[in-house]
Amino acid sequence: MSERIKELEDRTRFEPAQVEPQIVERWLASGLFHPEPEGEASENYAIAIPPPNVTGSLHMGHALNCSVQDTLIRYNRMKSSSTGRTKWILGTDHAGIATQAQVEKALLAEGLNRHELGREKFVERVWEWQAHYGGTIVEQFKRLGASCDYSEERFTLDQGYARAVMQVFVRLYEKGWIYRDRYIVNWDPGSRSAISDLEVEERRETDTLYSIRYDVEGGASVTIATVRPETMLGDTAVAVHPGDERYRSLVGRKAILPLVGRHLPIIADDYVKMDFGTGQLKVTPAHDPNDFEIGSRHELDQISVIGEDGRMTAEAGERFAGLTVMEAREAVVAALEREGRIVAREDYEHEVPYSHRSGQRIEPLISLQWFMSMDELARPAITAVREGQVRIVPENHQRVYLDWMENIRPWCISRQLWWGHRLPVYYCETCGHVTVALSAPEACSECAGHVRQEADVLDTWFSSALWPFATLGWPQATPELKAFYPTNVLSTARDILFLWVARMIMMGIELTGEAPFSDVYIHSVIQAPDGRRMSKSLGTGIDPLQEIDRHGADAVRFGLLAMSSTQDVRYSAEKVQQGQALANKLFNATRFALVRIDASLGSGRAAAVEAQPLPRTVEDRWILSRLTGILADTAARIERYDFSHAALGLYDFVYGELCDWYLEMVKQRLPDLAGTDSEDDGRQELAATLLYVLRETVAMAHPLIPFVTEELWRYLDDTGELLAGCPYPRAREDLLDPQAETELARTIEAVTLVRGWRDSVGARAGQFVTARLCADGYELTGLLLARLARLQLLPEDQRSHALDPVDRSPVNGVASGAGGGEPSAAAPTAVASVPIPGGTVEVLSEEGLDLGAAERRRKAAKQKLLAEIERVEGKLERPGFVEKAPAAVVEGERERLARLRAELEVL
RNA sequence: GGACGCGUAGCUCAGUGGGAGAGCGCUCGCUUCACACGCGAGAGGUCGCAGGUUCGAAACCCGCCGCGUCCACCA
């Protein structure tokens, strides 16, 4: 026995923890994950990984997305191993707000804040922080087996990347699409920065809705409703609907703002809903997005009463300046109360905006920011999706994308942070002239005055939008760009479809002339087992690394893919266990086969490894046919992003066909060391077939469960090549064999039926029950039936006797040795008969069997059969059935009825 | 307010026009010479509710109920 196989023999379990680190080492050392930038993108395959936050750590979403992408990458790497290059572009994102917030938190612990430190020192600290805590997530990707190109890791703040970002800014500014404007923005007091609409999260809350009476000049009054009384200090109008008869006479008059005394014009605007409250609306253009719009239409004043620090400004008046928003609300309500102006208060449930980043309540306020107009960018990106140059899978997300794109609004791209790409905008301190350029001008081009760079940085998503091409060296025409751009697929969760994916498509088309990928795959969202969102703050998170420790990376990958069938799915520990069981099963099946073959053939094994499959028996033909089917299915499922069926189909094949049936059927044809002689009895052919099936199965499974398959490949392949670099198996249609499939299907059913009968009569597990096979269609499988169902078959009256003597007689001694070679002159009488497809098994011995139980079983089966016959008869007699149903269906039902009646005969 | 997804066995989910399935859990039997992370056999379901289409509906259509997610500027 060879040394290698000997070593394998003692490993009765697949131990992921011991094997995985070494396999990762071998993969990385092989250079397989780093393709040379050769050829055209059309013949190569590439995926750009959604860059995780540089200081982040692996969560379940990453784990699923990595499993998806790695399955695609490994499949395509194997599939095109000789014709193309496969690259998984790796890198991390600087994640402006998130990273800055982490560092600020650490500073706080030292009693410092960033302003005390100063911008330069602070940014240095962030780089230090990143050097220390960054990149752990990339190590965690390796543990999952992700076959990224680790030799070329990108970062969105790298020099080259930053140059690309600057260039894009300048270019789009020159096109007039980037501009500066005073506009109402979502102000996040937590990070003291504006944030985009997409970073706002609405939460349902109950507040008090106050009804407040404002007097109107010359008598009368209006009553407005608000949940934010403190903003009334910034009111500059009162509005009613133009069609509202009740208030027609008020329009054009002035209301008097309580506490302040300002005179507010009463205006008419369509925005006001007549049926909400009194139909009278206070207008605060500086602190409400709708009021801002009304204000622009009517040229109203904008009075900012809330500042960027979240406190009331001097404009709010002496009594309130400096108070927080909440304090101001109480104070305003108390003051109004004293004046008797609060008409009513009621509980009111509504949506309140919060910052997705800092968790603080958003203050809409007017601020001078940089914006990007999106209409021109969106147009070709809409066409690309509508016309199918970019395909969104699953399809139903396409409409969501189009709806959003067709109603796209300007994007606020400036952030008041220090960590990020600083805008390449320079202001003259003397004349205010604005210069936008790749590098700082020496002096103002207009007046030669000093220039100062814009303090703001760009929204992180501005730089992420360039990801698929900036990582490959764009704007330079690098070989990498030529070889891998456009990429093939982008895999992501749907929550960043707008935030990121849409912007990549727009920027890609605008800047490179091509959409950055042809497919967008939106994977499932994994929820906590109880159906809630998986999140750290809720305590519902499950750590994928812990799961890998416990079950192995293959198990976690398999489990995640298997459970991710629809839009939202609950985390299923069972599916992970199923994956672990599969890895172990495959390991043991291969180990068993190799040890037996090695023992049986010795040095002949090598030849068998190379040999083509040589089916000798019906079960050989059957497994080869089934293998062909699963190979085609698995490849098709991966290609259409149907990972759950790819995973579960693999499981079913390995358990339900390969191990439970084929290996059990051929066990006896694989003699152990002691039982061998040098005769050619078919062992060589069996070894060739078995090894072929195992090699193809293991190779097929590799993209899904790379570790166990790579480990097994060391034993299945003598060349020392890594499986990760081998070609993907092809389904060979010449091995399809419908006849073998039919024969085995009925035999498997028969075995199961007899086993069930045995169990019910209390036959001992190892006991061979003497029986006679009276059934057609078991010519080739009768002895398999006998062995797997533990029957000692008597030859008399056996209708299936045309067994192949070459293949069967030496292998299975049951056939002729049933009665110890002394069949009595008179055929024994059956004590029970078990129906199987095509006939019966007549049981001849009653030794130790509980025939009473058998009788009860028989009666129960008969009842069931009668009910079934009645059902089918009813169906055939149903008016219209025979006339309208397809002929094949009618025929099928008739055949079934005949079969059921035949079974009834036997019972 | 709009959109999408999901309600099938105790749990997690396949099945999407003609015989109700898997994994886990449960029951019974097995240390059968690959695997006890195993093997064999079972029990368990008015397929959310109510209509409609059809010879026939778990599946297709309409409505309702429940759960989840995304989008949206009603004070």
Side-chain angles (χ1 to χ4, degrees), chain A residues 9 12-14 197-198 202 209 224-228 231 239 271-273 275-278 280-284 288-293 348 350-351 353 364 394 396-397 399-400 403-404 407 494-495 497-498 524-525 527 529 531-533 551 555 562-563 565-575 577-578 580-596 644-645 648 651-652 655-656 659-660 663-664 667 672 674 751-752 755-760 762-766 788 790 868 871-872 875 878-886 888-890 892-893 896 900:
Chain A
E9 190 176 11
T12 57
R13 272 188 193 183
F14 177 62
D197 295 343
L198 290 169
E202 306 282 342
L209 181 69
I224 58 88
T226 181
V227 288
R228 304 200 56 196
T231 63
Y271 170 76
V272 184
K273 299 268 190 293
D275 53 1
F276 190 93
T278 59
Q280 299 168 331
L281 174 71
K282 74 194 256 305
V283 183
T284 320
D288 182 284
N290 299 307
D291 293 6
F292 181 87
E293 297 295 337
Y348 184 68
H350 64 144
E351 306 277 330
N396 55 302
H397 292 287
R399 237 187 68 207
V400 181
D403 284 350
W404 188 78
N407 297 298
R494 67 182 178 282
D495 56 351
L497 183 62
F498 309 137
S524 309
V525 170
Q527 303 173 324
R532 288 188 295 167
R533 197 187 181 83
H551 306 286
M563 69 182 91
S565 51
T566 54
Q567 188 170 284
D568 304 296
V569 290
R570 298 177 180 207
Y571 185 80
S572 159
E574 288 81 10
K575 288 279 195 306
Q577 268 160 17
Q578 206 178 336
Q580 184 178 1
L582 173 65
N584 190 56
K585 192 76 172 173
L586 202 53
F587 182 83
N588 273 295
T590 308
R591 179 173 70 96
F592 168 64
L594 284 174
V595 168
R596 283 296 192 86
S644 72
H645 288 102
L648 293 169
Y651 178 95
D652 287 342
Y655 267 80
C659 292
D660 287 352
L663 282 182
E664 293 303 323
K667 257 181 186 171
D672 61 23
V751 170
T752 305
R755 280 172 176 171
W757 179 87
R758 289 176 55 100
D759 212 53
S760 69
R764 283 180 291 107
L788 295 174
R790 308 243 172 216
E868 182 69 5
R871 206 185 61 77
V872 179
K875 190 166 176 179
R878 191 167 56 209
F881 176 71
V882 177
E883 294 78 30
K884 296 194 178 173
V889 171
V890 177
E893 294 296 333
R896 191 153 114 235
L900 291 169

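Below, each value reflects all heavy atoms present in this structure, side chains not excepted, and no hydrogens, waters or symmetry copies. Lettering of chains follows the sequences in order, A, B, ..., and the numbering in each one begins at 1.
Side-chain atoms of A:Q567 and A:H397, non-hydrogen and from C-beta on, do get closer than 4.5 Å to each other. In this structure, A:L900 and A:V872 have side chains that are in contact, with non-hydrogen atoms separated by less than 4.5 Å. You'll find the side chain of A:E293 stays beyond 4.5 Å of the side chain of A:Y271, heavy atoms only. The closest side-chain heavy-atom distance from A:K667 to A:F592 is below 4.5 Å. You'll find the side chain of A:Y571 reaches within 4.5 Å of the side chain of A:M563, heavy atoms only.
Judged by distance alone, with hydrogens and angles left aside, the side-chain atoms of A:T278 form no donor-acceptor pair with the main-chain N or O of A:I224 at under 3.5 Å. Looking at A:R591, its side chain does come within 3.5 Å of a backbone N or O of A:E9 through a donor-acceptor pair.
For A:R758 and B:G40, the shortest distance from a side-chain N or O to OP1 or OP2 is not below 4.0 Å. The phosphate of B:A75 (OP1 or OP2) has a side-chain N or O of A:Y348 nearer than 4.0 angstrom. Look at A:K585 and you'll find a side-chain N or O under 4.0 angstrom from OP1 or OP2 of B:C39. Residue A:T566 places no side-chain N or O under 4.0 Å from the OP1 or OP2 atom of B:C6. One finds a side-chain N or O of A:R570 lying less than 4.0 angstrom from the OP1 or OP2 phosphate oxygen of B:U12. The side chain of A:R533 contributes an N or O atom lying less than 4.0 Å from OP1 or OP2 of B:C70.
Within the nucleic acid shown, A:H397 has no heavy atom closer than 4.0 Å to any nucleic acid atom. Counting any heavy atom pair closer than 4.0 Å across all strands shown, A:D660 reaches sugar-phosphate atoms only and no base atom. Across all strands, A:H645 comes closer than 4.0 Å only to sugar-phosphate atoms, never to a base (heavy-atom distances). As judged by a 4.0 angstrom heavy-atom cut-off over every strand, A:T590 is placed among residues making no nucleic acid contact. A:F292 comes within 4.0 angstrom of nothing in the nucleic acid, heavy atoms only. As judged by a 4.0 angstrom heavy-atom cut-off over every strand, A:P879 is placed among residues touching the sugar-phosphate backbone only. Contacts of A:Q527 with the nucleic acid, taken as non-hydrogen atoms under 4.0 Å apart, involve only primed sugar atoms and P, OP1 or OP2. Among the heavy atoms of the strands lying under 4.0 Å from A:D568 is at least one base atom, whether or not backbone atoms are also near. At the heavy-atom level, A:R399 lies under 4.0 Å from the strands shown only through sugar-phosphate atoms. Among the protein residues, A:R13 comes within range of the nucleic acid bases, having at least one heavy atom under 4.0 Å from a base atom. Residue contacts shown for A:G766 are absent, as no nucleic acid heavy atom lies under 4.0 Å away.
At whole-Å resolution of the value, CG in A:N584 and C1' in B:A36 are 10 Å apart. Atom CG of A:L497 is separated from atom C1' of B:C70 by 10 Å (rounded to the nearest Å). Rounded to whole Å, atom P of B:C4 lies 9 Å from atom CG of A:D403. One can place CZ of A:R764 at 11 Å from P of B:U31, the figure rounded to the nearest angstrom. Distance CG (A:D275) to C1' (B:A75): 12 Å, rounded to an integer number of Å. Between A:I224 atom CD1 and B:C74 atom C1' the separation is 14 Å, expressed in whole Å. At whole-Å resolution of the value, NE2 in A:H350 and P in B:C74 are 11 Å apart. Here B:G40 presents its C1' atom at 16 Å from CH2 of A:W757, a figure rounded to the nearest Å.
Taking CZ of A:R878 as the start and CD of A:E893 as the end, the distance is 8.5 Å to the nearest 0.5 Å.
Considering only side-chain atoms of A:E664, the nucleotide from B:C35, B:C28, B:C13 that sits closest is B:C35. For A:W404, counting side-chain heavy atoms from C-beta on, the closest listed nucleotide (B:C4, B:C30, B:A72) is B:A72. Of the candidates B:A75, B:U69, B:U32, B:A75 carries the atom nearest the A:Y271 side chain, counting heavy atoms from C-beta on. Nearest nucleotide to the A:Y655 side chain, out of B:A75, B:C39, B:U69: B:C39.
B:G17 and B:G52 are spaced 15 Å apart, taking the C1' atom of each and rounding to whole Å. When the P atom is compared between B:G7 and B:G48, the two are found 8 Å apart, to the nearest whole Å. Here, B:G40 and B:A57 have their P atoms 37 Å apart, quoted to the whole Å. The separation of B:A58 from B:U69, taken at their P atoms, amounts to 31 Å, rounded to a whole angstrom. One C1' atom belongs to B:G21, the other to B:A14, and the distance between them is 7 Å to the nearest Å. Look at the P atom in both B:G56 and B:C13: the space between them is 34 Å, to the nearest Å. For the P atoms, the distance from B:G45 to B:A22 is 15 Å, rounded to whole Å. Taking atom C1' in both B:C62 and B:A20, the straight-line distance is 26 Å, to the nearest Å.
Base-pair partner of B:U27: B:A41 (Watson-Crick or G-U wobble, both distances under 3.5 Å). Of the nucleotides present, none pairs with B:A58 by Watson-Crick or G-U wobble criteria with both distances under 3.5 Å. Of all nucleotides present, only B:C13 satisfies the Watson-Crick or G-U wobble test against B:G21, with each distance under 3.5 Å. Of all nucleotides present, only B:U69 satisfies the Watson-Crick or G-U wobble test against B:A3, with each distance under 3.5 Å.
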Item to complete: Using the side chain to side chain contact (heavy atoms under 4.5 Å, CB included) rule, take A:R533 and A:V525 through it: C-alpha gap first, then chi angles, then the decisive distance, then the call.
Response: CA-CA 9 Å; A:R533 197 187 181 83; A:V525 170; over 6 Å; no

Worksheet entry | Pair A:K273-A:L281, side chain to side chain contact (heavy atoms under 4.5 Å, CB included): steps then yes or no | CA-CA 9 Å; A:K273 299 268 190 293; A:L281 174 71; over 6 Å; no

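Between A:D568 and A:R494 there is a salt bridge, since at least one side-chain N of the basic residue sits less than 4.0 Å from a carboxylate O of the acidic one.
Each of A:L663 and A:G277 was matched to the nucleotide of RNA chain B holding its nearest heavy atom; the match closer to the 5' end belongs to A:L663. Map A:Q280 and A:Y571 each onto its nearest nucleotide of RNA chain B; the residue landing nearer the 5' end is A:Y571.
A:F276 meets the ring-ring contact (aromatic ring centres under 6.0 Å, His included) test with no other residue; sequence neighbours excluded.
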Worksheet, complete the sentence: In B/S/- notation (B base, S sugar-phosphate only, - none; protein heavy atoms under 4.0 Å), nucleotides 16-27 of chain B written 5' to 3' is --BB---SS---

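At a cut-off of 3.5 angstrom, counting only N and O atoms as typed in the model, there is no donor on one side facing an acceptor on the other between the side-chain of A:E9 and the base of B:A34.
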